[in-house]
Amino acid sequence: MPTRPIRIGVQLAPQHAPYAAIRDAVIELEELGVDIIFNWDHFFPLSGERDGLHFESWTMLAAIAEQTSRVELGALVNCNSYRNPSLQADMARTIDHISAKGGTGRFIFGTGAGWFWRDYTEYGYEFGTPGTRIAALARDLPIIKERWTRLNPQPTRPIPILIGGGGEKKTLRIVAEHADIWHSFSDVPTLERKLGVLAEHGRAVDRDTSQIEISTELRRRTPEEADELVDLGATLFTLGLSGPHYNLDMVRDWLSWRDGHRSKLAS
């Protein structure tokens with residue numbers, strides 16, 4: 001059984017909906033009791049009408065930080081290529097303080113190497129290759145972490161780093177070195193194998209990877225399948241919702257599942 005509490009994160013895709021609908025969904029999600037509200041870091045819709053309504057990630061996260069008082073928040077995930085590392089660190093620190101409301105910040109720095117060709121080409125970024133983008137992520141994370149130590153004021157807490165991706169040779173090595181949370185779309189057999197690979201990388205960099213929170217997507221999973229993922233050590237489960245209408249019925253169902261697991265852990 002996991003020692004961490006089971007958590008539910010909801011990714012509100014900022015596509016095909018007016019901002020007012022996103023803002024209202026955030027209010028309702030916090031009231032329902034979700035643990036984390038995510039968006040994504042893209043410039044165009046990933047599904048549906050390719051030129052449909054869409055909003056930018058980081059400015060929206062700052063608004064969500066001000067709007068809410070309890071939930072954690074972040075991108076699932078930020079694209080490392082779109083902003084230089086010191087700027088990313090400063091933006092993250094600023095949202096951390098916005099979210100703190102006089103206490104401890106709630107921002108999670110979710111990041112990844114990037115992959116959406118249209119974002120890169122239309123906004124003038126060099127697309128490169130999967131290898132060059134992953135290498136850039138490995139290069140930039142230490143810069144981001146070091147910049148946090150030099151900002152004034154510094155973050156209100158050690159900002160958790162969530163890394164998304166499942167590449168076994170390179171991405172999981174970066175996860176082993178830097179992540180507090182690892183997010184993937186792994187099914188049960190895949191997660192079991194990749195946790196073994198992650199542990200090997202951890203030994204190579206002298207880190208106990210059991211300290212990394214395991215996160216996965218609930219898309220099309222049954223509660224029984226999610227239970228098996230819990231048995232492997234997964235504790236953060238995410239649901240993706242897209243506009244124009246954010247239907248929260250599934251969120252309510254999975255929150256009930258979460259609360260059942262929390263009751264077992266408490267007993």
Side-chain angles (χ1 to χ4, degrees), residues 1-15 17 21-41 57 60-61 64-65 67-78 95 99 104-112 159-164 166 179-188 191 195 211-243 245-267:
M1 290 291 294
T3 56
R4 296 184 184 89
I6 304 298
R7 302 200 289 168
I8 297 292
V10 176
Q11 183 188 53
L12 291 175
Q15 62 177 12
I22 299 171
R23 182 177 58 227
D24 290 348
V26 168
I27 292 171
E28 190 167 359
L29 287 170
E30 182 164 58
E31 290 176 348
L32 284 174
V34 303
D35 299 289
I36 308 170
I37 295 174
F38 293 109
N39 64 11
W40 67 33
D41 188 22
S57 171
M60 178 179 291
L61 288 170
I64 293 172
Q67 175 187 349
T68 58
S69 60
R70 181 192 57 78
V71 292
E72 291 189 283
L73 63 143
L76 192 64
V77 288
N78 165 66
I95 297 176
S99 70
T104 301
R106 296 173 285 121
F107 183 71
I108 294 172
F109 183 68
T111 194
I159 295 177
I161 294 173
L162 179 155
I163 296 176
D180 300 291
I181 307 168
W182 169 48
H183 181 79
S184 74
F185 296 89
S186 302
D187 58 18
V188 171
L191 181 62
L195 285 173
Q211 301 305 307
I212 299 171
E213 185 172 14
I214 306 303
S215 169
T216 190
E217 169 68 41
L218 282 170
R219 178 171 36 192
R220 293 186 294 274
R221 300 203 197 283
T222 65
E224 291 74 23
E225 290 170 318
D227 289 343
E228 292 183 72
L229 291 164
V230 169
D231 290 341
L232 286 177
T235 56
L236 174 55
F237 294 86
T238 66
L239 287 162
L241 303 179
S242 180
H245 306 293
Y246 296 101
N247 186 337
L248 306 188
D249 291 344
M250 187 181 299
V251 176
R252 295 181 178 89
D253 292 340
W254 282 107
L255 287 173
S256 295
W257 172 84
R258 176 203 68 182
D259 293 345
H261 272 278
R262 288 184 174 180
S263 296
K264 292 177 185 177
L265 187 60
S267 61

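Values in this document were obtained by computation on a predicted structure and should not be read as measured data.
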Check for a donor-acceptor pair, side chain of Ser184 on one end and backbone N or O of Thr216 on the other, with a separation under 3.5 Å.
no
Closest contact, heavy atoms only, Phe107 versus Gly74:
CE1-CA, 4.1 Å
Atom pair CZ (Arg70) and OG (Ser99), whose distance is rounded to the nearest 0.5 Å
13.0 Å
4.5 Å side-chain heavy-atom contact, Leu229 and Arg221
yes
Looking only at heavy atoms, what is the nearest atom pair of Ile22 and Pro14, with distance?
CD1-CA, 4.0 Å
Between Asn39 and Leu12 (side chain of the first, backbone of the second, donor and acceptor by atom type, cut-off under 3.5 Å), is there such a pair?
no
Pairwise distance CG(Leu29) to CG(Leu248) - rounded to 0.5 angstrom
5.0 Å
If you look at every heavy atom in Arg262 and Pro5, which pair is closest and at what distance?
NE-CB, 4.1 Å
Which heavy-atom pair separates Gly164 from Val77 by the least distance, and what is that distance?
N-CG1, 4.1 Å
Stepwise side chain to side chain contact (heavy atoms under 4.5 Å, CB included) check, His261 with Val230:
CA-CA 9 Å; His261 272 278; Val230 169; 4.1 Å; yes
Spatial distance of atom CG (Leu236) from atom CD1 (Ile214) [nearest 0.5 Å]:
10.0 Å
Gln67 side chain to Arg23 main-chain N or O, any donor-acceptor pair under 3.5 Å?
yes
When rounded to the nearest 0.5 angstrom, what is the spacing between CD1 in Ile159 and CD1 in Ile108?
10.5 Å
Non-hydrogen side-chain atoms of Val251 and Tyr246 separated by less than 4.5 Å
no
Side chains of Glu213 and Thr235 only: does a donor on one sit below 3.5 Å from an acceptor on the other?
yes
Expected output: side-chain Arg106 to main-chain Ala65 donor-acceptor under 3.5 Å:
yes
Mind running salt bridge (charged side-chain N to carboxylate O under 4.0 Å, His left out) on Lys264 and Asp227 for me, showing each step along the way?
CA-CA 12 Å; Lys264 292 177 185 177; Asp227 289 343; 5.7 Å; no
Residues Trp40, Gln15; criterion side chain to side chain contact (heavy atoms under 4.5 Å, CB included); working and verdict:
CA-CA 10 Å; Trp40 67 33; Gln15 62 177 12; 3.3 Å; yes
Taken to the nearest 0.5 Å, the spacing of Phe185 CZ from Leu191 CG works out to 13.0 Å
Is it true that a side-chain atom of Asp35 and a backbone atom of Ile8 form a donor plus acceptor pair closer than 3.5 Å?
yes
Kindly determine whether Val10 and Ile36 satisfy side chain to side chain contact (heavy atoms under 4.5 Å, CB included), including the steps that lead there.
CA-CA 6 Å; Val10 176; Ile36 308 170; over 6 Å; no
Look up atom NE2 in His245 and atom CG in Leu241, then write down how far apart they are to the nearest 0.5 Å.
13.5 Å
Arg7 and Ser215: CA distance, side-chain angles, deciding distance, side chain to side chain contact (heavy atoms under 4.5 Å, CB included) verdict
CA-CA 9 Å; Arg7 302 200 289 168; Ser215 169; over 6 Å; no
Gln11 side-chain N/O to Thr238 backbone N/O, donor-acceptor pair under 3.5 Å:
no
Which heavy atom of Arg219 sits nearest a heavy atom of Glu217, and at what distance?
N-OE2, 3.0 Å
Ile163 to Ala179 - nearest heavy-atom pair and separation:
CD1-CB, 3.8 Å
